[in-house]
Amino acid sequence: MLDIQFIRENAELVQEKSAQKGYKVDIAQLLELDTERRTRLTQIEELRARRNTLSAEMKGQKPSDEQLAVGKQLKEELAAREEELKVIEEKYTAQLHAVPNMPLEDVPVGATEDENVVAKTVGEPTQFDFTPLHDYQLGAEDALDLIDKERAAKIAGSRFAYLKGGLVRMQFAIVQFAMDTLGNEEILQKLINENGLTIPAKPFVPIIPPAVLRTEPYVASARLNAEEVTYKIEQDDLWLNASAEHTLCTMYWNEILPEDMLPVRYIGYSTSFRREAGTYGKDMEGIFRMHQFDKLEMEVISTGETGLQEHKLLVAIQEYLVAQLGLPYRLINKCTADIGKPNASGFDIDCWFPGQGNYRETHTADYMTDYQTRDLKIRTRRSRTGEVELTHTNDATCFALGRTLKAILENCQTKDGHVTVPEVLRPYMGGRETI
RNA sequence: GGAGAGGUGGCCGAGUGGUUGAAGGCGCACGACUCGAAAUCGUGUGUAGGGUCAAACCUAUCGAGGGUUCGAAUCCCUCCCUCUCCGCCA
């Protein structure tokens, strides 16, 4: 959520920026509730103070009837006022949480995703002297035998797959390649220098997080999308994570981290689950949009001064990794309507998919400033002053493995129906050059 | 799944109805001593909300929520979590 102090001091701006992001909020009404809430709170605190004073007077002696009577009266009045406050506070909290994060200055203003800005295009759409196939054609049982969705549907329903053989080898090769890259300080330093950044080249620590999380931290992370995205295990009050981000950004929930621990840089590997409600009939072919997919996700927790630089580093890493695989892509600076409620800035990488003849999203990088950590209460204690401040968070796809595999299959296919393994992956696949 | 123990500040650990936001210790910060350091001594040291130019000050907070009471870390209820033993099991 946003800082209420900030909203008080920048009401018009918040109203305007919220509208730019497509969120209907009534800031004037929120501020009214805020005023009312504080008025009630002051009243209640005065009553409590009187109760505490009275209680101290009574200590060590038998209370008089008069004191008891005053106490009882205070009790009743408090109960009534607290009930009133509760009603106001519920409305206030709901409205406060409805306010989206403010977009950064250089986020393009737009009403729909059509107004996203292509920041750059790298590589040309792959050319073939034959008609390129889709992933499901290349991976069919009578072709390379890599993808079996029919039998998966029999067992688990639609949007599930058995991935097989060389495709599985390739998935783990990508994982190893990515972890090697993100653990390599020389590469990080090079990317930092190239982008004029001044943050340290601290390597990313690989993490395998839990794939499930409880309601309370999930809500606090501002990432729970119960209706459309997230699977619930009702019996145990657990949700299947839709991304490792969700179990990574909540990891330090309710903690104060020493400043010298920052930045925290993690690369998390997790199977992710998405209900994909509302996408029926969309992307049904192949492994582009699945209920279950494995993903490598980068997560950074840093100070307010360095959060934006971390964001830029994450985008640079994404570009580097995609380029290393030789995939044509374009970098998208997402407009205000498309960056998402908790995000202040968001970039996507869309890779070229020859089967569809189109660029499709494979990566996203989000910068949340302190919007997420205000609820999660992830703070840092400054080394010099001892002061406590909210941290900033970033998340970014390292590789969404399903879509990456699909992109490689389609871009690296040969006329004879095979797939050339990108060179950087070969050392992790026993030197294999094709699948 | 069965049986038991327990959740208190950055950490350890007292505390079973009334100056307990919480003893004591560790850690940390500052100061004294020292050429400097260690040791020692002194002072300070949670978080959040309100309030103030800043303070003072007020309120909340002892896993979470609810209840009893004039008053709850302390009593009652529900839930969550951790640990130990048994069972099962990758």
Side-chain angles (χ1 to χ4, degrees), chain A residues 1-9 30-93 95-97 208-221 224 232-239 247 250-262 264 269-271 301 370-391:
Chain A
M1 62 177 166
L2 228 48
D3 181 10
I4 185 64
Q5 188 100 28
F6 177 84
I7 300 176
R8 280 180 211 140
E9 290 163 7
L30 171 63
L31 291 179
E32 258 177 56
L33 283 167
D34 174 47
T35 305
E36 206 173 337
R37 173 185 140 264
R38 282 192 292 164
T39 309
R40 304 290 170 125
L41 201 57
T42 307
Q43 289 173 0
I44 286 170
E45 286 181 354
E46 275 168 19
L47 288 169
R48 283 178 182 160
R50 280 165 62 191
R51 181 190 63 188
N52 290 346
T53 310
L54 184 70
S55 180
E57 282 170 15
M58 285 190 220
K59 201 207 163 182
Q61 50 182 304
K62 210 176 170 193
S64 70
D65 289 347
E66 197 188 334
Q67 285 175 318
L68 285 178
V70 173
K72 278 184 183 171
Q73 200 192 328
L74 281 173
K75 182 186 179 178
E76 279 166 26
E77 185 152 2
L78 257 177
R81 294 279 164 276
E82 279 169 351
E83 191 55 41
E84 289 167 12
L85 178 67
K86 198 178 155 192
V87 174
I88 294 163
E89 206 137 56
E90 269 170 24
K91 284 189 207 159
Y92 164 80
T93 306
Q95 292 204 18
L96 179 59
H97 283 261
I208 298 178
V212 298
L213 63 166
R214 298 191 291 117
T215 302
E216 200 185 346
Y218 216 158
V219 168
S221 75
L224 178 59
K232 176 84 186 281
I233 305 173
E234 202 62 56
Q235 196 179 2
D236 295 299
D237 181 36
L238 288 172
W239 303 80
T247 35
T250 46
M251 189 171 165
Y252 293 104
W253 184 38
N254 283 328
E255 291 191 37
I256 299 173
L257 310 175
E259 186 179 358
D260 60 16
M261 185 177 157
L262 304 179
V264 169
Y269 177 86
S270 172
T271 301
I301 303 173
D370 59 7
Y371 187 91
Q372 201 175 37
T373 52
R374 185 167 289 105
D375 260 333
L376 283 170
K377 299 188 176 69
I378 302 174
R379 294 150 293 172
T380 183
R381 187 182 304 282
R382 295 291 187 173
S383 306
R384 277 185 57 202
T385 61
E387 279 175 39
V388 173
E389 283 173 30
L390 289 170
T391 56

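Each chain gets a letter, A, B and so on, in the order the sequences are listed, and its residues count up from 1. Everything quoted here is computed from the prediction, not taken from an experiment.
As rounded to the nearest Å, rU8(B) and rG13(B) have P atoms that lie 9 Å from one another. rC11(B) and rG27(B) have their C1' atoms separated by 7 Å, given to the nearest Å. A gap of 16 Å separates the C1' atoms of rG24(B) and rU45(B), to the nearest Å. Nucleotides rU16(B) and rA73(B) have their P atoms positioned 13 Å apart, rounded to a whole Å. Look at the P atom in both rG46(B) and rA29(B): the space between them is 15 Å, to the nearest Å. Across rU78(B) and rC70(B), the matching P atoms stand 24 Å from one another, rounded to whole Å. Using P as the reference atom, rA72(B) and rC62(B) are 11 Å apart when rounded to the nearest Å. Comparing the same atom, P, in rU52(B) and in rC58(B) gives a spacing of 16 Å after rounding to whole Å.
Rounded to an integer number of Å, the gap from L78(A) CG to rA60(B) P is 9 Å. One can place CD of E216(A) at 13 Å from P of rC80(B), the figure rounded to the nearest angstrom. In this structure, CH2 of W253(A) is placed 11 Å from P of rA64(B), rounded to the nearest angstrom. Between Q67(A) atom CD and rU69(B) atom C1' the separation is 15 Å, expressed in whole Å. Taking atom NZ of K377(A) as the reference point, atom P of rU61(B) lies 15 Å away to the nearest angstrom. The distance from atom CG of D260(A) to atom C1' of rC28(B) is 13 Å, rounded to the nearest whole Å. Computed from coordinates, the E57(A) CD to rG71(B) P distance equals 15 Å when rounded to whole Å. Atom CZ of R382(A) is separated from atom P of rA29(B) by 18 Å (rounded to the nearest Å).
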For RNA chain B, what dot-bracket results from Watson-Crick or G-U pairs at under 3.5 Å, with [ ] for crossers and | for inter-strand partners?
((((((((.[[[..)..(.....]]]((((((.......))))))(((((......))))).[[[[[..)....]]]]])))))))....

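Across all strands, K75(A) comes closer than 4.0 Å to base atoms (heavy-atom distances).
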Can you check each nucleotide of nucleotides 46-58 of chain B against protein heavy atoms at under 4.0 Å and return B for base, S for sugar-phosphate only, - for none, in 5' to 3' order?
-SSBSS------B

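Scored by the side-chain hydrogen bond (donor to acceptor under 3.5 Å, both in side chains) test, E77(A) finds no partners at all (sequence neighbours excluded). Take R379(A) and apply the side-chain hydrogen bond (donor to acceptor under 3.5 Å, both in side chains) test, not counting sequence neighbours, and it matches no residue. Every residue meeting the salt bridge (Lys or Arg N to Asp or Glu O under 4.0 Å) condition with E36(A), not counting sequence neighbours, appears here in chain and number order: R40(A). Scanning for side chain to side chain contact (heavy atoms under 4.5 Å, CB included) contacts around A56(A) gives an empty result, with sequence neighbours left out. For T35(A), the side-chain hydrogen bond (donor to acceptor under 3.5 Å, both in side chains) criterion is met by no residue, not counting sequence neighbours. Every residue was checked against the salt bridge (Lys or Arg N to Asp or Glu O under 4.0 Å) condition with E46(A), not counting sequence neighbours, and none meets it. Remark: R214(A) engages no residue in a side-chain hydrogen bond (donor to acceptor under 3.5 Å, both in side chains) (not counting sequence neighbours). With sequence neighbours excluded, the residues satisfying salt bridge (Lys or Arg N to Asp or Glu O under 4.0 Å) with D34(A) are R8(A), R37(A), R38(A).
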Atom pairs under 3.5 Å: protein N/O with N/O of nucleotides 72-79 of chain B:
none

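Salt bridge annotation for K86(A)-E89(A): absent, with no cationic side-chain nitrogen under 4.0 angstrom from a carboxylate oxygen.
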If you apply the rule side chain to side chain contact (heavy atoms under 4.5 Å, CB included), what do you find for E82(A) with R48(A), and how did you get there?
CA-CA 11 Å; E82(A) 279 169 351; R48(A) 283 178 182 160; 3.0 Å; yes

Going through the checks in order, is the side chain to side chain contact (heavy atoms under 4.5 Å, CB included) test met by I301(A) and L262(A)?
CA-CA 7 Å; I301(A) 303 173; L262(A) 304 179; 4.2 Å; yes

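Nucleotides of RNA chain B nearest to I44(A) and V70(A) differ in position, and the one nearer the 5' end is that of I44(A).
Around CD of Q73(A), the count of heavy atoms belonging to other residues, nucleotides or ligands within 6.0 Å does not exceed 12.
Judged as a salt bridge (Lys or Arg N to Asp or Glu O under 4.0 Å), not a single pair has a partner in residues 65-76 of chain A (not counting sequence neighbours).
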